[in-house]
Undergrad: 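Sharing a structure with you now.
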Amino acid sequence: MIRRLFIILLLFVLYEGFYFLPKKLVEIFPGAFRLADALFIILPLFSIFFARNMFRAVSRFREESLLVLGICGLMFLSPLMAEQFFGQSYTKGLLFVRHNLGWLAFFPFAIMLRDLDGVERTIRVLTILAGIYVVILLLTKYFPDMGLIHYDKRAYSITGSLIRFGEYRLFFPYGSVPILFYCITMARFLHPPQGGGSLLRRAFDLAFILVVAYAILSTFTRALIFSVLIATAFGLFSSRRRFLKYVAVFVVFMVVSMQAMVMASSEGGVPFIEDTKLWKMILKTSTLPREADREEQISMYLTHFPKSPLTGVGNLVTRKDTEWEIGKLTTYRKYGFYNATDIGYLKIAAENGLLGIAWVIWFLSYFYRRSRQTLSRAVKRGDGSTAEFVARGHLYFLIYLSISGLTLPHFVYEDGVIILALSLAIMAVTRTSSNEQDVGTPPCNPARSSGGR
(Lines give C-alpha, C1' and ligand atoms only; values in the text may rest on other atoms or scores of the structure.)
Protein backbone atom coordinates (compact mmCIF):
# COMPACT_ATOMS: atom_id res chain seq x y z
CA MET A 1 0.00 0.00 0.00
CA ILE A 2 2.86 2.37 0.85
CA ARG A 3 4.40 1.83 -2.59
CA ARG A 4 1.14 2.73 -4.33
CA LEU A 5 0.72 5.82 -2.16
CA PHE A 6 4.22 6.91 -3.14
CA ILE A 7 3.38 6.57 -6.85
CA ILE A 8 0.14 8.55 -6.39
CA LEU A 9 1.97 11.26 -4.44
CA LEU A 10 4.72 11.49 -7.06
CA LEU A 11 2.16 11.84 -9.85
CA PHE A 12 0.28 14.47 -7.85
CA VAL A 13 3.46 16.48 -7.29
CA LEU A 14 4.79 16.22 -10.84
CA TYR A 15 1.41 17.16 -12.34
CA GLU A 16 1.20 20.00 -9.80
CA GLY A 17 -1.99 18.83 -8.18
CA PHE A 18 -3.99 18.26 -11.40
CA TYR A 19 -5.47 21.78 -10.99
CA PHE A 20 -6.95 20.85 -7.62
CA LEU A 21 -4.54 23.19 -5.82
CA PRO A 22 -4.70 26.99 -5.75
CA LYS A 23 -1.97 28.88 -7.58
CA LYS A 24 -0.10 29.80 -4.38
CA LEU A 25 0.47 26.10 -3.62
CA VAL A 26 1.69 25.42 -7.17
CA GLU A 27 3.98 28.43 -7.59
CA ILE A 28 5.58 28.13 -4.17
CA PHE A 29 8.27 30.72 -4.91
CA PRO A 30 7.08 32.50 -8.10
CA GLY A 31 9.76 32.54 -10.75
CA ALA A 32 12.06 30.31 -8.69
CA PHE A 33 10.38 27.11 -7.45
CA ARG A 34 7.22 25.33 -8.54
CA LEU A 35 5.60 22.23 -7.06
CA ALA A 36 6.92 20.07 -9.91
CA ASP A 37 10.47 21.13 -8.99
CA ALA A 38 10.12 18.93 -5.91
CA LEU A 39 11.24 16.14 -8.26
CA PHE A 40 14.80 17.40 -7.84
CA ILE A 41 14.49 16.89 -4.09
CA ILE A 42 12.58 13.60 -4.20
CA LEU A 43 14.90 11.87 -6.70
CA PRO A 44 18.17 12.39 -4.78
CA LEU A 45 16.55 11.32 -1.51
CA PHE A 46 15.00 8.28 -3.17
CA SER A 47 18.38 7.38 -4.70
CA ILE A 48 20.00 7.50 -1.27
CA PHE A 49 17.38 5.41 0.53
CA PHE A 50 17.04 2.90 -2.33
CA ALA A 51 20.57 3.02 -3.73
CA ARG A 52 20.86 -0.74 -4.16
CA ASN A 53 17.49 -0.93 -5.88
CA MET A 54 18.45 1.87 -8.28
CA PHE A 55 21.46 -0.12 -9.48
CA ARG A 56 19.37 -3.28 -9.74
CA ALA A 57 16.71 -1.40 -11.71
CA VAL A 58 19.29 -0.26 -14.27
CA SER A 59 20.41 -3.88 -14.68
CA ARG A 60 16.91 -5.36 -14.64
CA PHE A 61 15.41 -2.79 -17.02
CA ARG A 62 18.40 -2.28 -19.28
CA GLU A 63 16.73 -1.08 -22.47
CA GLU A 64 14.24 1.10 -20.61
CA SER A 65 17.05 2.66 -18.59
CA LEU A 66 18.97 3.44 -21.78
CA LEU A 67 15.84 5.03 -23.24
CA VAL A 68 15.45 7.28 -20.20
CA LEU A 69 19.10 8.23 -20.03
CA GLY A 70 19.12 8.86 -23.80
CA ILE A 71 16.25 11.38 -23.73
CA CYS A 72 17.74 13.06 -20.64
CA GLY A 73 21.02 13.39 -22.52
CA LEU A 74 19.16 15.19 -25.31
CA MET A 75 17.62 17.50 -22.71
CA PHE A 76 21.11 18.51 -21.57
CA LEU A 77 22.29 18.93 -25.17
CA SER A 78 19.37 21.14 -26.22
CA PRO A 79 20.35 24.23 -24.15
CA LEU A 80 23.87 23.99 -25.57
CA MET A 81 22.52 24.15 -29.13
CA ALA A 82 20.24 27.07 -28.21
CA GLU A 83 23.29 28.89 -26.84
CA GLN A 84 25.10 28.39 -30.13
CA PHE A 85 22.23 29.41 -32.44
CA PHE A 86 20.37 32.02 -30.39
CA GLY A 87 22.91 33.27 -27.86
CA GLN A 88 20.73 32.07 -25.00
CA SER A 89 22.67 31.22 -21.84
CA TYR A 90 23.03 27.52 -21.09
CA THR A 91 21.68 27.96 -17.56
CA LYS A 92 18.55 29.73 -18.80
CA GLY A 93 17.93 27.03 -21.39
CA LEU A 94 18.46 24.23 -18.87
CA LEU A 95 16.03 25.79 -16.41
CA PHE A 96 13.50 26.03 -19.22
CA VAL A 97 13.59 22.28 -20.05
CA ARG A 98 14.18 21.03 -16.49
CA HIS A 99 10.71 19.54 -16.11
CA ASN A 100 11.36 17.25 -19.06
CA LEU A 101 13.86 15.50 -16.82
CA GLY A 102 10.72 14.01 -15.30
CA TRP A 103 11.68 10.99 -17.45
CA LEU A 104 13.92 10.08 -14.48
CA ALA A 105 10.75 9.35 -12.50
CA PHE A 106 10.80 6.05 -14.39
CA PHE A 107 13.20 4.61 -11.82
CA PRO A 108 11.12 5.22 -8.65
CA PHE A 109 7.98 4.21 -10.56
CA ALA A 110 9.54 0.90 -11.65
CA ILE A 111 11.02 0.15 -8.22
CA MET A 112 7.74 0.84 -6.44
CA LEU A 113 5.69 -1.20 -8.94
CA ARG A 114 8.04 -4.14 -8.30
CA ASP A 115 6.11 -7.07 -9.84
CA LEU A 116 2.94 -8.08 -11.68
CA ASP A 117 0.87 -7.97 -8.51
CA GLY A 118 2.09 -4.45 -7.84
CA VAL A 119 1.32 -3.45 -11.44
CA GLU A 120 -2.23 -4.80 -11.24
CA ARG A 121 -3.00 -3.16 -7.90
CA THR A 122 -1.52 0.16 -8.97
CA ILE A 123 -3.44 0.18 -12.23
CA ARG A 124 -6.65 -0.58 -10.34
CA VAL A 125 -6.17 2.35 -7.94
CA LEU A 126 -5.01 4.81 -10.59
CA THR A 127 -7.90 3.87 -12.88
CA ILE A 128 -10.39 4.72 -10.12
CA LEU A 129 -8.62 8.04 -9.44
CA ALA A 130 -8.46 8.84 -13.16
CA GLY A 131 -12.18 8.14 -13.47
CA ILE A 132 -12.96 10.49 -10.57
CA TYR A 133 -10.73 13.15 -12.14
CA VAL A 134 -12.52 12.94 -15.50
CA VAL A 135 -15.96 13.09 -13.84
CA ILE A 136 -14.90 16.25 -11.97
CA LEU A 137 -13.68 17.82 -15.23
CA LEU A 138 -17.03 17.03 -16.87
CA LEU A 139 -18.96 18.43 -13.92
CA THR A 140 -16.84 21.58 -14.09
CA LYS A 141 -17.80 22.04 -17.73
CA TYR A 142 -21.52 22.01 -16.94
CA PHE A 143 -21.20 23.67 -13.52
CA PRO A 144 -18.19 26.04 -13.88
CA ASP A 145 -18.63 27.56 -10.43
CA MET A 146 -18.28 24.32 -8.48
CA GLY A 147 -14.81 25.36 -7.34
CA LEU A 148 -13.24 21.88 -7.47
CA ILE A 149 -10.82 22.82 -10.25
CA HIS A 150 -8.62 25.93 -10.04
CA TYR A 151 -8.62 26.90 -13.73
CA ASP A 152 -8.80 30.19 -15.62
CA LYS A 153 -12.43 31.24 -15.18
CA ARG A 154 -12.40 32.87 -18.63
CA ALA A 155 -12.26 29.41 -20.21
CA TYR A 156 -16.01 28.81 -19.87
CA SER A 157 -17.07 32.43 -20.32
CA ILE A 158 -19.00 33.63 -23.37
CA THR A 159 -15.84 35.12 -24.84
CA GLY A 160 -13.66 32.20 -23.79
CA SER A 161 -11.32 30.28 -26.06
CA LEU A 162 -13.00 26.91 -25.42
CA ILE A 163 -15.95 27.40 -27.78
CA ARG A 164 -16.05 25.24 -30.92
CA PHE A 165 -19.04 24.24 -33.08
CA GLY A 166 -21.21 26.44 -30.86
CA GLU A 167 -20.41 24.41 -27.74
CA TYR A 168 -17.86 24.69 -24.97
CA ARG A 169 -14.91 22.36 -25.37
CA LEU A 170 -14.01 20.35 -22.30
CA PHE A 171 -11.09 21.68 -20.28
CA PHE A 172 -9.08 18.43 -20.33
CA PRO A 173 -5.56 18.96 -18.96
CA TYR A 174 -3.14 16.03 -18.85
CA GLY A 175 -5.44 14.04 -21.11
CA SER A 176 -2.87 11.30 -21.75
CA VAL A 177 -3.21 10.18 -18.11
CA PRO A 178 -6.81 8.91 -18.34
CA ILE A 179 -6.19 7.81 -21.95
CA LEU A 180 -3.47 5.39 -20.81
CA PHE A 181 -5.87 3.76 -18.34
CA TYR A 182 -8.66 3.90 -20.93
CA CYS A 183 -6.49 1.76 -23.23
CA ILE A 184 -5.56 -0.71 -20.47
CA THR A 185 -9.16 -0.93 -19.21
CA MET A 186 -10.45 -1.48 -22.74
CA ALA A 187 -7.95 -4.32 -23.19
CA ARG A 188 -9.14 -5.97 -19.97
CA PHE A 189 -12.80 -5.48 -20.91
CA LEU A 190 -12.35 -6.94 -24.42
CA HIS A 191 -10.10 -9.77 -23.22
CA PRO A 192 -11.33 -10.63 -19.70
CA PRO A 193 -9.48 -13.14 -17.50
CA GLN A 194 -10.65 -16.70 -17.15
CA GLY A 195 -14.09 -16.76 -15.60
CA GLY A 196 -14.88 -13.33 -17.01
CA GLY A 197 -14.16 -11.43 -13.79
CA SER A 198 -16.74 -10.12 -11.32
CA LEU A 199 -19.85 -8.38 -12.59
CA LEU A 200 -19.02 -5.29 -10.52
CA ARG A 201 -15.55 -5.06 -12.05
CA ARG A 202 -16.93 -5.43 -15.56
CA ALA A 203 -19.53 -2.75 -14.90
CA PHE A 204 -16.87 -0.36 -13.57
CA ASP A 205 -14.62 -1.01 -16.59
CA LEU A 206 -17.47 -0.28 -19.00
CA ALA A 207 -18.49 2.87 -17.11
CA PHE A 208 -14.89 4.11 -17.08
CA ILE A 209 -14.51 3.50 -20.83
CA LEU A 210 -17.74 5.35 -21.61
CA VAL A 211 -16.97 8.32 -19.35
CA VAL A 212 -13.45 8.81 -20.73
CA ALA A 213 -14.68 8.37 -24.32
CA TYR A 214 -17.36 11.03 -23.73
CA ALA A 215 -14.76 13.36 -22.23
CA ILE A 216 -12.44 12.91 -25.21
CA LEU A 217 -15.27 13.66 -27.64
CA SER A 218 -16.17 16.72 -25.55
CA THR A 219 -12.74 18.24 -26.15
CA PHE A 220 -13.44 18.61 -29.90
CA THR A 221 -9.68 18.18 -30.34
CA ARG A 222 -9.26 16.40 -33.64
CA ALA A 223 -5.85 14.84 -33.02
CA LEU A 224 -7.02 13.49 -29.68
CA ILE A 225 -10.36 12.15 -30.93
CA PHE A 226 -9.19 10.52 -34.14
CA SER A 227 -6.15 8.87 -32.54
CA VAL A 228 -8.26 7.40 -29.70
CA LEU A 229 -10.97 6.31 -32.14
CA ILE A 230 -8.42 4.46 -34.26
CA ALA A 231 -6.94 2.83 -31.14
CA THR A 232 -10.45 1.82 -30.04
CA ALA A 233 -11.30 0.43 -33.47
CA PHE A 234 -8.09 -1.60 -33.42
CA GLY A 235 -9.06 -2.97 -30.01
CA LEU A 236 -12.53 -3.97 -31.19
CA PHE A 237 -11.36 -5.59 -34.39
CA SER A 238 -8.55 -7.48 -32.63
CA SER A 239 -10.95 -8.91 -30.04
CA ARG A 240 -11.27 -12.67 -29.86
CA ARG A 241 -15.05 -12.35 -29.79
CA ARG A 242 -16.52 -12.18 -33.25
CA PHE A 243 -19.65 -10.52 -31.92
CA LEU A 244 -17.73 -7.32 -31.09
CA LYS A 245 -16.17 -7.25 -34.53
CA TYR A 246 -19.54 -7.67 -36.21
CA VAL A 247 -21.16 -5.04 -33.99
CA ALA A 248 -18.38 -2.54 -34.73
CA VAL A 249 -18.64 -3.09 -38.49
CA PHE A 250 -22.46 -3.02 -38.43
CA VAL A 251 -22.73 0.20 -36.41
CA VAL A 252 -20.17 2.04 -38.57
CA PHE A 253 -21.86 0.82 -41.77
CA MET A 254 -25.36 1.76 -40.60
CA VAL A 255 -24.45 5.25 -39.36
CA VAL A 256 -22.53 6.16 -42.50
CA SER A 257 -25.19 4.65 -44.79
CA MET A 258 -28.09 6.39 -43.02
CA GLN A 259 -26.40 9.76 -43.10
CA ALA A 260 -25.39 9.37 -46.76
CA MET A 261 -28.90 8.36 -47.85
CA VAL A 262 -30.67 11.17 -46.00
CA MET A 263 -28.20 13.80 -47.20
CA ALA A 264 -28.70 12.57 -50.76
CA SER A 265 -32.50 12.84 -50.53
CA SER A 266 -32.90 16.03 -48.52
CA GLU A 267 -31.12 19.13 -47.39
CA GLY A 268 -30.33 17.81 -43.94
CA GLY A 269 -29.20 14.68 -42.21
CA VAL A 270 -30.45 12.58 -39.35
CA PRO A 271 -30.85 14.97 -36.40
CA PHE A 272 -29.90 12.53 -33.66
CA ILE A 273 -26.73 11.72 -35.61
CA GLU A 274 -25.82 15.27 -36.56
CA ASP A 275 -26.26 16.45 -32.97
CA THR A 276 -23.65 14.05 -31.67
CA LYS A 277 -20.19 15.38 -30.82
CA LEU A 278 -18.45 13.02 -33.23
CA TRP A 279 -20.64 13.99 -36.16
CA LYS A 280 -20.10 17.67 -35.46
CA MET A 281 -16.40 16.95 -35.78
CA ILE A 282 -16.85 15.15 -39.09
CA LEU A 283 -19.35 17.50 -40.73
CA LYS A 284 -18.18 20.88 -39.43
CA THR A 285 -14.40 20.56 -39.46
CA SER A 286 -14.32 22.43 -42.77
CA THR A 287 -16.03 25.42 -41.11
CA LEU A 288 -13.13 25.95 -38.72
CA PRO A 289 -10.71 28.78 -39.50
CA ARG A 290 -7.37 27.85 -41.00
CA GLU A 291 -4.73 26.77 -38.53
CA ALA A 292 -2.56 29.78 -39.37
CA ASP A 293 -0.51 29.52 -36.18
CA ARG A 294 0.16 25.81 -36.75
CA GLU A 295 1.11 26.46 -40.37
CA GLU A 296 3.52 29.11 -39.10
CA GLN A 297 5.05 26.59 -36.71
CA ILE A 298 5.47 23.98 -39.46
CA SER A 299 7.20 26.52 -41.70
CA MET A 300 9.41 27.66 -38.81
CA TYR A 301 10.54 24.16 -37.91
CA LEU A 302 11.16 23.18 -41.53
CA THR A 303 13.26 26.31 -41.96
CA HIS A 304 15.43 25.67 -38.90
CA PHE A 305 15.87 21.91 -39.22
CA PRO A 306 18.50 22.15 -42.04
CA LYS A 307 20.61 24.49 -39.90
CA SER A 308 21.51 21.64 -37.55
CA PRO A 309 19.97 18.38 -38.79
CA LEU A 310 21.86 16.08 -36.42
CA THR A 311 21.46 17.79 -33.05
CA GLY A 312 18.79 20.44 -33.71
CA VAL A 313 18.88 24.12 -32.82
CA GLY A 314 17.74 23.68 -29.23
CA ASN A 315 14.87 25.10 -27.17
CA LEU A 316 14.44 28.86 -27.20
CA VAL A 317 12.79 30.40 -24.15
CA THR A 318 9.89 32.70 -24.98
CA ARG A 319 10.25 36.03 -23.22
CA LYS A 320 8.52 36.12 -19.83
CA ASP A 321 8.61 39.90 -19.20
CA THR A 322 5.71 40.70 -21.55
CA GLU A 323 2.33 39.30 -22.47
CA TRP A 324 2.70 35.87 -24.06
CA GLU A 325 1.68 36.86 -27.58
CA ILE A 326 3.87 39.96 -27.57
CA GLY A 327 6.77 37.97 -26.16
CA LYS A 328 6.38 35.28 -28.80
CA LEU A 329 6.22 37.78 -31.63
CA THR A 330 9.23 39.69 -30.30
CA THR A 331 11.23 36.48 -30.12
CA TYR A 332 10.03 35.41 -33.55
CA ARG A 333 11.02 38.71 -35.17
CA LYS A 334 14.50 38.47 -33.66
CA TYR A 335 15.28 34.80 -34.32
CA GLY A 336 12.55 33.50 -36.63
CA PHE A 337 11.94 30.95 -33.88
CA TYR A 338 10.03 30.52 -30.60
CA ASN A 339 8.83 27.77 -28.29
CA ALA A 340 5.69 26.18 -29.77
CA THR A 341 3.59 23.27 -28.52
CA ASP A 342 1.13 22.56 -31.37
CA ILE A 343 3.46 20.39 -33.44
CA GLY A 344 4.93 17.08 -32.33
CA TYR A 345 7.47 15.33 -34.53
CA LEU A 346 8.57 18.46 -36.39
CA LYS A 347 9.25 20.21 -33.09
CA ILE A 348 11.48 17.32 -32.03
CA ALA A 349 13.21 17.29 -35.44
CA ALA A 350 14.01 21.02 -35.34
CA GLU A 351 14.92 21.30 -31.67
CA ASN A 352 16.60 17.91 -31.13
CA GLY A 353 17.54 16.94 -34.69
CA LEU A 354 17.83 13.47 -36.12
CA LEU A 355 19.04 12.27 -32.72
CA GLY A 356 15.65 13.21 -31.31
CA ILE A 357 13.75 11.53 -34.14
CA ALA A 358 15.90 8.41 -33.78
CA TRP A 359 15.06 8.32 -30.07
CA VAL A 360 11.31 8.62 -30.79
CA ILE A 361 11.54 5.74 -33.29
CA TRP A 362 13.42 3.70 -30.69
CA PHE A 363 10.78 4.47 -28.04
CA LEU A 364 7.84 3.55 -30.29
CA SER A 365 9.59 0.41 -31.55
CA TYR A 366 10.30 -0.58 -27.93
CA PHE A 367 6.60 -0.43 -27.07
CA TYR A 368 5.68 -2.42 -30.16
CA ARG A 369 8.36 -5.11 -29.69
CA ARG A 370 8.02 -5.55 -25.95
CA SER A 371 4.23 -5.45 -25.98
CA ARG A 372 4.08 -8.10 -28.69
CA GLN A 373 6.64 -10.31 -26.92
CA THR A 374 4.85 -10.02 -23.57
CA LEU A 375 1.47 -10.61 -25.19
CA SER A 376 2.73 -13.69 -27.02
CA ARG A 377 3.99 -15.25 -23.78
CA ALA A 378 0.81 -14.37 -21.90
CA VAL A 379 -1.45 -15.83 -24.62
CA LYS A 380 0.55 -19.06 -24.61
CA ARG A 381 -0.04 -19.39 -20.88
CA GLY A 382 -3.74 -18.84 -21.58
CA ASP A 383 -4.60 -17.58 -18.11
CA GLY A 384 -5.83 -14.10 -19.05
CA SER A 385 -3.16 -12.64 -16.78
CA THR A 386 -2.27 -9.05 -15.94
CA ALA A 387 0.56 -9.27 -18.47
CA GLU A 388 -1.91 -9.88 -21.28
CA PHE A 389 -4.17 -6.88 -20.75
CA VAL A 390 -1.23 -4.60 -19.95
CA ALA A 391 0.50 -5.61 -23.19
CA ARG A 392 -2.67 -5.20 -25.24
CA GLY A 393 -3.42 -1.87 -23.59
CA HIS A 394 0.03 -0.58 -24.44
CA LEU A 395 -0.43 -1.57 -28.07
CA TYR A 396 -3.59 0.58 -28.11
CA PHE A 397 -1.73 3.37 -26.30
CA LEU A 398 1.06 3.12 -28.87
CA ILE A 399 -1.46 3.81 -31.66
CA TYR A 400 -2.72 6.86 -29.78
CA LEU A 401 0.81 8.18 -29.22
CA SER A 402 1.95 7.57 -32.80
CA ILE A 403 -0.99 9.38 -34.40
CA SER A 404 -1.53 12.22 -31.94
CA GLY A 405 2.24 12.77 -31.86
CA LEU A 406 1.90 14.58 -35.18
CA THR A 407 0.53 17.61 -33.31
CA LEU A 408 1.12 16.83 -29.61
CA PRO A 409 4.76 16.86 -28.41
CA HIS A 410 4.30 14.05 -25.89
CA PHE A 411 7.97 13.13 -25.64
CA VAL A 412 9.48 16.57 -24.98
CA TYR A 413 6.75 18.40 -23.12
CA GLU A 414 6.14 18.02 -19.40
CA ASP A 415 2.44 17.17 -19.83
CA GLY A 416 3.32 13.97 -21.65
CA VAL A 417 6.67 13.10 -20.08
CA ILE A 418 5.41 11.97 -16.66
CA ILE A 419 2.69 9.62 -17.86
CA LEU A 420 5.05 8.17 -20.48
CA ALA A 421 7.61 7.53 -17.73
CA LEU A 422 4.92 5.70 -15.75
CA SER A 423 3.75 3.82 -18.84
CA LEU A 424 7.34 2.79 -19.57
CA ALA A 425 7.72 1.59 -15.97
CA ILE A 426 4.49 -0.43 -16.14
CA MET A 427 5.59 -2.07 -19.36
CA ALA A 428 9.11 -2.72 -18.06
CA VAL A 429 7.95 -4.35 -14.82
CA THR A 430 5.27 -6.34 -16.64
CA ARG A 431 7.62 -7.83 -19.23
CA THR A 432 10.46 -8.61 -16.81
CA SER A 433 8.14 -10.04 -14.13
CA SER A 434 6.42 -12.14 -16.77
CA ASN A 435 9.80 -13.47 -17.92
CA GLU A 436 10.92 -14.09 -14.33
CA GLN A 437 7.75 -16.06 -13.64
CA ASP A 438 8.49 -18.27 -16.63
CA VAL A 439 12.03 -19.04 -15.41
CA GLY A 440 11.23 -18.97 -11.69
CA THR A 441 13.35 -15.90 -10.77
CA PRO A 442 12.05 -13.86 -7.82
CA PRO A 443 11.66 -10.12 -8.44
CA CYS A 444 13.58 -7.47 -6.55
CA ASN A 445 11.81 -6.43 -3.33
CA PRO A 446 12.50 -2.78 -2.48
CA ALA A 447 11.05 -3.26 0.99
CA ARG A 448 13.72 -5.85 1.83
CA SER A 449 16.70 -4.28 0.08
CA SER A 450 16.66 -0.56 0.59
CA GLY A 451 20.40 -0.02 0.45
CA GLY A 452 21.82 3.19 1.84
CA ARG A 453 19.64 3.28 4.95
Undergrad: If you define the side chain from C-beta out and look only at heavy atoms, does anything of Phe6 sit under 4.5 Å from Ile42?
TA: yes
Undergrad: Side-chain polar contacts of residues 409-426 - donor-acceptor pairs under 3.5 angstrom, sequence neighbours left out - could you list them?
TA:
| from | atom 1 | to | atom 2 | distance (Å) |
| --- | --- | --- | --- | --- |
| His410 | NE2 | Ser404 | OG | 2.8 |
| Ser423 | OG | His394 | NE2 | 2.9 |

Undergrad: Between atom OG of Ser371 and atom CD of Glu388, what is the distance when rounded to the nearest 0.5 Å?
TA: 12.5 Å
Undergrad: Before accepting this row, confirm whether a basic side-chain N of the pair Arg431/Glu64 lies closer than 4.0 Å to the acidic partner's carboxylate O.
TA: yes
Undergrad: How many angstroms lie between atom CE of Met146 and atom CG of Leu139, to the nearest 0.5 angstrom?
TA: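 One finds 5.0 Å between CE of Met146 and CG of Leu139.
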Undergrad: Step through it carefully: locate the ring centre of Tyr174, locate the ring centre of Tyr15, and say whether they are under 6.0 Å apart.
TA: yes
Undergrad: Within a radius of less than 6.0 Å around OH of Tyr368, do more than 12 heavy atoms belonging to other residues, nucleotides or ligands occur?
TA: no
Undergrad: Could you walk me through whether Asn339 and Lys347 pass side-chain hydrogen bond (donor to acceptor under 3.5 Å, both in side chains), step by step?
TA: CA-CA 9 Å; Asn339 178 53; Lys347 176 182 174 70; 3.0 Å; yes
Undergrad: Do Ser176 and Tyr400 pass the side-chain hydrogen bond (donor to acceptor under 3.5 Å, both in side chains) test, and can you show the C-alpha distance, the side-chain angles, and the key distance before you say yes or no?
TA: CA-CA 9 Å; Ser176 292; Tyr400 157 73; 2.7 Å; yes
Undergrad: Let me see the working for Ile136 and Phe20 under side-chain contact (heavy atoms from CB on, under 4.5 Å), right down to the final yes or no.
TA: CA-CA 10 Å; Ile136 291 175; Phe20 288 115; 3.8 Å; yes
Undergrad: Determine whether a donor-acceptor pair (N or O, by modelled atom type, separation under 3.5 Å) exists between the side chain of Thr127 and the backbone of Ile123.
TA: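 Yes.
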Undergrad: For the side chain of Ser227 and the backbone of Leu224, is there at least one donor-acceptor N/O pair under 3.5 Å apart?
TA: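 A pair under 3.5 Å: yes.
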Undergrad: Could you check whether Arg169 makes a cation-pi contact with Phe220, meaning its NZ or CZ is under 6.0 Å from the centre of the six-membered ring and within 45° of the ring axis?
TA: no
Undergrad: Check for a donor-acceptor pair, side chain of Thr221 on one end and backbone N or O of Ala223 on the other, with a separation under 3.5 Å.
TA: no
Undergrad: Sub-3.5 Å donor-acceptor pair from the side chain of Ser365 to the main-chain atoms of Trp362, do we have one?
TA: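 Flag set: sc Ser365 to bb Trp362 pair under 3.5 Å.
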Undergrad: Hey, does the side chain of Thr432 reach the backbone of Val429 with a donor-acceptor pair shorter than 3.5 angstrom?
TA: yes
Undergrad: Identify whether NZ of Lys or CZ of Arg in Arg98 sits under 6.0 Å from the centre of the six-membered ring of Phe40 and within 45° of that ring's axis.
TA: no
Undergrad: Strictly by modelled atom types, are Thr232 and Tyr396 linked by a side-chain donor-acceptor pair under 3.5 Å?
TA: no
Undergrad: Passes side-chain hydrogen bond (donor to acceptor under 3.5 Å, both in side chains), Glu296 versus Tyr301? Steps please.
TA: CA-CA 9 Å; Glu296 174 191 272; Tyr301 287 137; over 6 Å; no
Undergrad: So which atom in Leu190 and which in Gly235 form the shortest heavy-atom distance, rounded to 0.1 Å?
TA: CD1-O, 3.3 Å
Undergrad: Spell out, as yes or no, whether a donor-acceptor pair under 3.5 Å connects the side chain of Asp37 to the backbone of Arg34.
TA: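 Such a contact is found between Asp37 side chain and Arg34 backbone.
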Undergrad: Would you check if Phe107 and Phe61 make a side-chain contact, meaning some heavy-atom pair closer than 4.5 Å?
TA: no
Undergrad: Would you say the side chain of Phe106 lies within less than 4.5 Å of the side chain of Phe109, judging by non-hydrogen atoms?
TA: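 No; the side chains remain at least 4.5 Å from each other.
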Undergrad: I'd like to know whether Met54 forms a side-chain contact (heavy atoms from CB on, under 4.5 Å) with Ile111, so could you lay out the CA-CA distance, the side-chain angles of the two residues, the decisive distance to 0.1 Å, and finally the verdict.
TA: CA-CA 8 Å; Met54 290 289 283; Ile111 291 171; 3.7 Å; yes
Undergrad: Compare all side-chain heavy atoms of Tyr338 with those of Met300 and state whether any distance is below 4.5 angstrom.
TA: yes
Undergrad: Would you give the length of the straight line joining atom CG of Leu10 to atom CG of Leu39, rounded to the nearest 0.5 angstrom?
TA: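 Leu10 atom CG to Leu39 atom CG measures 7.0 Å (nearest 0.5 Å).
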Undergrad: If I take atom CG from residue Leu355 and atom CG from residue Leu74, how far apart are they, to the nearest 0.5 angstrom?
TA: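 Leu355 CG to Leu74 CG: 6.0 Å, rounded to 0.5 Å.
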Undergrad: Could you give the distance from CD1 (Ile8) to OG1 (Thr122), rounded to the nearest 0.5 Å?
TA: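 With rounding to 0.5 Å, CD1 (Ile8) is 8.0 Å from OG1 (Thr122).
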Undergrad: For residues Leu229 and Ile225, determine if any side-chain heavy atom of one lies less than 4.5 Å from a side-chain heavy atom of the other.
TA: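 Yes, their side chains come closer than 4.5 Å.
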Undergrad: So, Thr374 side chain and Arg370 main chain: donor-acceptor pair closer than 3.5 Å or not?
TA: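 Here the side-chain-to-backbone pair exists.
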Undergrad: Quick one: CZ on Arg369 to CG on Leu364, what's the gap to the nearest 0.5 Å?
TA: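 Output value for this atom pair is 11.0 Å.
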